[in-house]
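Presented below is the structure to which this report refers.
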2 protein chains.
Amino acid sequence: MERLMRSIKIGINEKIYLKDPESSDLGKRIVEQSILMIHEMGFESFTFRKLGEQIQSNESSVYRYFENKHKLLLYLASWYWGWLEYKMVFATNGIPNPTEKLRRAIEILTQTVKEDVTFSHVNEVLLNKIVINEYSKSYLTKEVDLENKEGYFVIYKRLVQRLHEMIITVDKDYPYPSSLASTILEGSLHQYFLKEHFPNLTDCDDNVTPTQYFTDLVFRTLTPKA
Amino acid sequence: MERLMRSIKIGINEKIYLKDPESSDLGKRIVEQSILMIHEMGFESFTFRKLGEQIQSNESSVYRYFENKHKLLLYLASWYWGWLEYKMVFATNGIPNPTEKLRRAIEILTQTVKEDVTFSHVNEVLLNKIVINEYSKSYLTKEVDLENKEGYFVIYKRLVQRLHEMIITVDKDYPYPSSLASTILEGSLHQYFLKEHFPNLTDCDDNVTPTQYFTDLVFRTLTPKA
DNA sequence: TATAAATTGATAGTATTACTTTTATTTTTG
DNA sequence: CAAAAATAAAAGTAATACTATCAATTTATA
């Protein structure tokens with residue numbers, strides 16, 4: 001699995017970048033170091049100037065890969081969701097029982113990223129934390145409809161769609177499968193955030209995981225067909 | 001109800017502002033026009049300079065009320081949640097049946113704000129839209145723990161707490177009442193956002209409301225005690 | 001292997017933002 | 001009416017988010 005993951009390239013919409021960061025050493029350093037820096041200082045404080053210094057290159061060189069830091073965030077997010085999608089498809093493939101399949105999917109999608117599989121230069125553990133703290137900012141903008149039309153969110157949308165399909169396979173009569181799917185994905189990020197910063201607003205802690213909460217929620221909600 | 005609402009002042013943490021905007025005509029114009037402008041141009045494009053022009057005053061005058069636009073957002077959000085809390089407490093007060101009480105609370109908390117009650121200078125319809133699009137940005141910051149300690153999020157937290165209490169009154173054995181409560185509040189904002197920008201990721205549309213989705217979800221999940 | 005092409009690095013420049021400071025003017029209030 | 005407070009106007013600062021230019025270096029290819 002690890003070896004396999006390492007050899008896969010995640011297909012990201014080419015309009016997100018000016019030059020594919022996977023195509024050069026500098027590009028990989030941009031991705032690698034931006035993850036460390038955004039995690040460290042947060043998205044608002046992160047700038048291309050600082051990144052340039054960090055990678056011992058130049059601001060202007062970074063701009064040749066990404067138009068701006070917003071596009072870089074879209075890139076990192078797409079990478080993350082593409083990686084999760086891959087893990088999910090792999091883990092659920094071949095499970096015949098729809099209930100078990102959905103259960104496994106929820107597990108993959110809502111669990112913490114513990115090990116650094118180190119898919120080349122990308123630190124998935126930190127990337128997961130970045131997504132928890134910053135992903136919303138990538139779509140809560142005035143440009144969202146335009147960017148959606150450009151296809152910048154396709155991977156995330158496909159992931160929700162896959163979850164949606166697993167839900168209706170378990171219970172074809174459930175009336176809100178899309179909403180439930182999007183609630184699981186978005187809600188999971190939120191529960192992780194609350195656990196860290198607003199522990200009173202969640203039941204998740206060291207002993208209770210978002211995975212347990214959402215698994216319980218989904219299977220109380222759905223009525224599996226006989 | 002409308003009359004009552006108009007005569008109530010929402011108690012907002014005094015550390016959020018430098019000078020109470022309710023205390024002067026200029027302050028009220030700041031709040032009133034900032035709501036229109038943030039709704040119109042989005043939070044990132046909104047600046048105190050532009051606001052100063054709009055209210056026929058000066059940037060520096062705005063800075064005497066709020067340290068920066070982030071604090072202004074915290075203020076507007078507190079106002080909104082305080083207003084919603086008030087509506088909810090009012091609407092559920094005196095309902096003896098816990099299930100009906102919770103149902104009514106969910107209804108209030110997840111429904112669209114349709115009418116402009118025009119609680120003085122605040123346009124609640126637009127404020128609701130601002131909260132949908134911008135609220136996350138108020139806490140997804142590196143300063144969240146500090147600001148939480150300062151009490152900038154108390155009203156929102158109290159609202160989740162109230163919902164939590166109603167949930168356990170309906171089903172004292174449900175193991176995740178805090179998570180469910182926070183999921184309802186946050187998830188509702190998210191479903192409204194999806195309905196507008198990612199209709200494929202939600203079942204909510206002109207005919208199906210987030211209220212229906214969450215009411216259904218909660219009552220499938222909880223087992224009311226006999 | 002020479003040369004062209006592409007990439008990168010360094011520097012400088014522009015417009016805007018997010019403020020702060022100062023001073024003048026207006027409004028409020030005792 | 002005088003003093004105090006609030007507001008307005010203007011200017012200034014440091015940082016951001018870029019763009020443009022050109023030189024240096026690496027890479028590709030003829």
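FYI, side chains are in, hydrogens and waters are out, and symmetry mates aren't considered; it's all heavy atoms of this structure. These numbers come from a predicted model, not from an experiment.
The phosphate of C:dT8 has OP1 or OP2 within less than 4.0 Å of a side-chain N or O from A:Ser24. One finds a side-chain N or O of B:Ser61 lying less than 4.0 angstrom from the OP1 or OP2 phosphate oxygen of D:dA8. Between B:Tyr65 and D:dT7 there is a side-chain N or O to OP1 or OP2 distance below 4.0 Å.
Between B:Lys142 and A:Glu44 there is no salt bridge, since none of the side-chain N atoms of the basic residue sits less than 4.0 Å from a carboxylate O of the acidic one.
Heavy-atom contacts from other residues, nucleotides or ligands closer than 6.0 Å to NZ of B:Lys129 number 12 or fewer.
Atoms CD (B:Glu59) and C1' (D:dA8) sit 12 Å apart, rounded to a whole Å. Atom CG in B:Asn58 sits roughly 5 Å away from atom C1' in D:dA8 (whole-Å rounding). One interatomic measurement links the two molecules: CG of B:Leu51 to P of D:dA8, which rounds to 12 Å at whole-angstrom precision. To the nearest angstrom, P of C:dA6 lies 17 Å from CG of A:Leu18. As a whole-Å value, the separation of A:Lys19 NZ from C:dT8 C1' is 10 Å. Rounded to whole Å, atom P of C:dT17 lies 14 Å from atom CZ of B:Phe43. Between B:Arg49 atom CZ and D:dA11 atom C1' the separation is 10 Å, expressed in whole Å. As a whole-Å value, the separation of B:Phe66 CZ from C:dC19 P is 14 Å.
When distances run from any side-chain atom of B:Thr47 to the nucleotides D:dT7, C:dT11, C:dA18, the shortest one goes to C:dA18. The nucleotide whose nearest atom lies closest to any side-chain atom of B:Tyr63 is, among C:dT20, D:dA20, D:dA6, C:dT20.
Nearest-nucleotide mapping onto DNA chain D: of B:Asp25 and A:Lys50, the residue sitting toward the 5' end is B:Asp25. In terms of position on DNA chain C, the residue among B:Arg64 and A:Ile55 whose nearest nucleotide sits closer to the 5' end is A:Ile55.
Nucleic acid contact for B:Glu67: sugar-phosphate only, since backbone atoms but no base atoms lie under 4.0 Å from a heavy atom of the residue. Across all strands, A:Phe48 comes closer than 4.0 Å to no nucleic acid atom at all (heavy-atom distances).
Residues B:Ser182 and A:Gln191 bring a donor and an acceptor atom of their side chains to less than 3.5 Å of each other. A donor and an acceptor atom, one from each side chain of B:Gln111 and B:Thr211, are nowhere located under 3.5 Å apart.
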Residue pair A:Lys157, B:Leu201: steps toward the side chain to side chain contact (heavy atoms under 4.5 Å, CB included) verdict: CA-CA 7 Å; A:Lys157 285 158 72 177; B:Leu201 306 190; 3.9 Å; yes

